[in-house]
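All figures in this text were calculated on a predicted structure; none of them were measured in a lab. Just so we're on the same page: letters track the sequence lines, and every chain starts at 1.
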Amino acid sequence: MEINHFIDTIIENDIKSKKHKEAITRFPPEPNGFLHLGHARAIITNWSMAKKHGGHFNLRFDDTNPIKEDSMFVDSIKRDIEWLGCHWDNLFYASDYFEEMYNRAMLLVEKGLAYVDDLSNEEIRTLRGTLKEPGKNSPHRDRSIEENVKLFQAMKNGKYDDGEKVLRAKIDMSSSNMNMRDPVIYRIQRAYHHNTKDKWLIYPMYDFAHPLEDAIEGITHSLCSLEFEDHRPLYDWVVEHTKMKNKPRQIEFGRLLIANQVTGKRYIRELVEENKVMGWDDPRLITLSGLRRRGIPKKAIHNFIHSLGLPKSEGETEIEMLYQHVREHLNETAPVTNAIVEPLKLVIDNYPEDEVEYVKIPNHRRNKELGSRMVPFSKHVFIERSDFLEEKPNRKWRRLSLGEEVRLMHAYFVKANSVVKDDNGRIIEVHCTYDPETKSGSGFKGRKPNGNIHFVDGTHYKKVEIRLFEDLLKEEYEKDASFEEKVNPNSLVIKKGVIEEKMSPEIGDKFQFMRNGFYVVDKDSTDKTLVFNRIVPLRSSYKRKKRKN
RNA sequence: UGGGCUAUGGCCAAGCGGUUAAGGCACCGGACUUUGACUCCGGGAUCGAUGGUUCAAUUCCAUCUAGCCCAGCCA
């Protein structure tokens with residue numbers, strides 16, 4: 001898919017004007033949670049710009065706050081990005097640069113552009129002012145450079161406790177941009193760091209660390225989301241005053257929000273802890289691991305992201321748009337197989353009892369490379385319960401009913417004659433007769449069937465578990481509904497279905513179930529029972545008409 | 001009169017002074033079909049509002065309105 005958005009244009013111009021020879025980008029996650037579909041925009045945008053403009057792409061963990069981070073997330077983030085196919089050229093950690101960052105901070109101190117403040121958290125907040133009122137200078141703002149040097153060294157050497165002192169940039173307490181009101185750039189935290197262990201007692205703040213990380217790595221274009229727009233002046237200030245050779249340019253784009261999906265860490269954790277989902281990789285979640293388990297192809301995610309462009313406006317994209325790309329991709333690549341989600345027995349009364357014949361079925365209508373297979377057919381077959389109604393409901397009904405004839409795809413025409421019901425009046429068997437003249441491929445043109453339905457042979461089949469998913473949140477709910485009330489209790493429906501006997505797929509294999517939808521083999525599958533997840537249903541114009549009537 | 005950003009059909013989104021205002025999703029018709037799938041045809045907006053500049057504005061200017069972000073020793 002062709003990429004053409006405002007950032008691409010900026011980069012092209014920078015290359016044309018010889019400002020840069022290439023685009024060097026990065027994705028800088030903090031290892032404190034799982035990646036979700038929204039992050040895919042940032043990952044793919046940064047990655048694709050480097051790829052398109054001949055540079056390279058770094059994965060850099062922004063691990064500057066040890067008390068919030070965990071190496072467990074490092075692994076899941078790496079796995080997800082790798083799965084997306086956004087291979088990084090370098091793997092870095094912000095913590096790799098702690099020494100240099102400290103030195104650059106000291107440089108600021110020596111230039112009189114940073115000072116150590118003894119104020120408490122609360123005092124700093126008070127003096128910072130409000131959105132409408134300017135802040136006031138800290139009483140420690142004008143300490144001598146010598147004193148600041150000593151104090152900052154002492155902070156580093158553990159002379160003070162957490163919170164006792166901070167290092168602040170000396171900028172402008174009256175700025176209308178809150179970020180410029182002498183931001184704290186180092187704080188004391190006696191915490192174990194997953195990477196540097198106990199080496200550091202002081203840690204740099206994002207606003208100071210991030211521009212340095214970018215500059216150190218020679219990032220040319222630092223692409224991030226809109227909420228950092230206000231930070232750009234500070235970003236530039238840091239790069240400018242720390243004598244960094246490379247001067248990266250931060251460019252912001254709008255975040256990708258998906259309508260009616262759960263992305264908040266707090267909510268996901270709640271769902272996980274209350275066992276309302278199977279884990280962080282539940283197929284109903286739009287975490288990247290959830291999408292992967294759901295069987296969403298990474299290609300569909302890339303196409304989805306690119307098709308949305310890169311706007312600066314914020315809106316909520318409907319998940320259907322992703323599904324469309326999923327169908328588009330799977331429709332071309334996934335082999336088609338017969339499977340019955342809700343089996344109903346069909347007995348062909350005039351078919352010989354012990355005979356089994358094999359019919360040839362292509363694995364894909366257009367893609368001949370996927371080959372074909374021989375499928376058994378006998379007196380007893382399963383059809384989809386929804387493909388039979390005793391009485392034809394309307395003229396549009398193109399399935400089986402009593403007195404109606406349909407084609408069992410790739411086999412014969414069958415005409416339904418009677419039904420057998422259980423004590424509750426539920427149909428458990430349909431009896432029919434077939435017409436040997438109508439064998440598929442025979443060229444029979446005598447009459448037209450009332451539709452085509454598929455089947456799985458009733459003597460050669462495998463029982464499987466099929467999981468159907470709906471959105472985790474209800475489609476509609478009261479405006480002030482609590483999260484609990486929004487959760488859709490029917491988001492998971494488990495069916496006992498049957499598939500062709502010869503199928504022996506592996507976890508992650510994707511198929512189209514004929515006339516039904518796309519499915520993937522779930523990791524919960526065992527040697528005894530395969531478990532299929534419905535990725536997305538096939539579109540159906542029938543349902544729409546039905547709803548109308 | 002704190003600062004920054006955004007505003008095009010139900011949803012997303014092109015367009016950057018002269019276009020019949022792209023395209024996708026969704027929706028509604030119809031054709032085709034041994035997947036009611038795929039594919040193919042057809043259907044809808046005057047561009048947040050109001051004023052201005054101009055021969056000409058969705059595109060420039062002004063004002064207004066609405067929404068989002070910013071007062072972590074989070075990122």
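One finds no side-chain N or O of A/R255 lying less than 4.0 angstrom from the OP1 or OP2 phosphate oxygen of B/A75. For B/A37, one of the phosphate oxygens OP1 or OP2 lies less than 4.0 angstrom from a side-chain nitrogen or oxygen of A/S541.
Partner A/N195 forms a side chain to side chain contact (heavy atoms under 4.5 Å, CB included) with one of A/Y93, A/F61, A/F98, A/W200 and no other, that one being A/Y93.
Residues forming a side-chain hydrogen bond (donor to acceptor under 3.5 Å, both in side chains) with A/S440 (at least two apart in sequence, or on another chain): none.
Look at B/C40: its Watson-Crick or wobble partner, with both distances under 3.5 angstrom, is B/G30. B/C60 is paired with B/G52 under the criterion used here, namely a Watson-Crick or G-U wobble arrangement in which both key atom distances are under 3.5 Å. Checking B/C68 for Watson-Crick or G-U wobble geometry (two distances, each under 3.5 Å) identifies B/G4 as its partner. In a base pair of the Watson-Crick type (N1 to N3 plus N6-O4 or O6-N4) or a G-U wobble (N1-O2 and O6-N3), with each distance short of 3.5 Å, B/A75 is matched with no nucleotide.
In this structure, A/E227 places its CD atom 16 Å from P of B/G72, rounding to the nearest Å.
As judged by a 4.0 angstrom heavy-atom cut-off over every strand, A/V166 is placed among the base-contacting residues.
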Write down the protein N/O and nucleotide N/O pairs, taken from nucleotides 38-43 of chain B, whose separation is under 3.5 Å; answer none if there are no such pairs.
residue : atom : partner : partner atom : Å
B/C38   : OP1  : A/R539  : NE           : 2.7
B/C38   : OP1  : A/R539  : NH2          : 2.8
B/C38   : O2'  : A/N331  : ND2          : 3.4
B/C38   : O2'  : A/R366  : NH2          : 3.2

Polar-atom pairs under 3.5 Å, protein N or O versus N or O of nucleotides 5-15 of chain B: list them with distances, or write none.
residue : atom : partner : partner atom : Å
B/C11   : O4'  : A/E318  : OE2          : 3.2
B/C11   : O3'  : A/E316  : O            : 3.2
B/C11   : O2'  : A/E316  : O            : 3.1
B/C12   : OP1  : A/E316  : N            : 3.1

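Remark: the A/D230 side chain and the B/G3 base include a donor-acceptor N/O pair separated by less than 3.5 Å.
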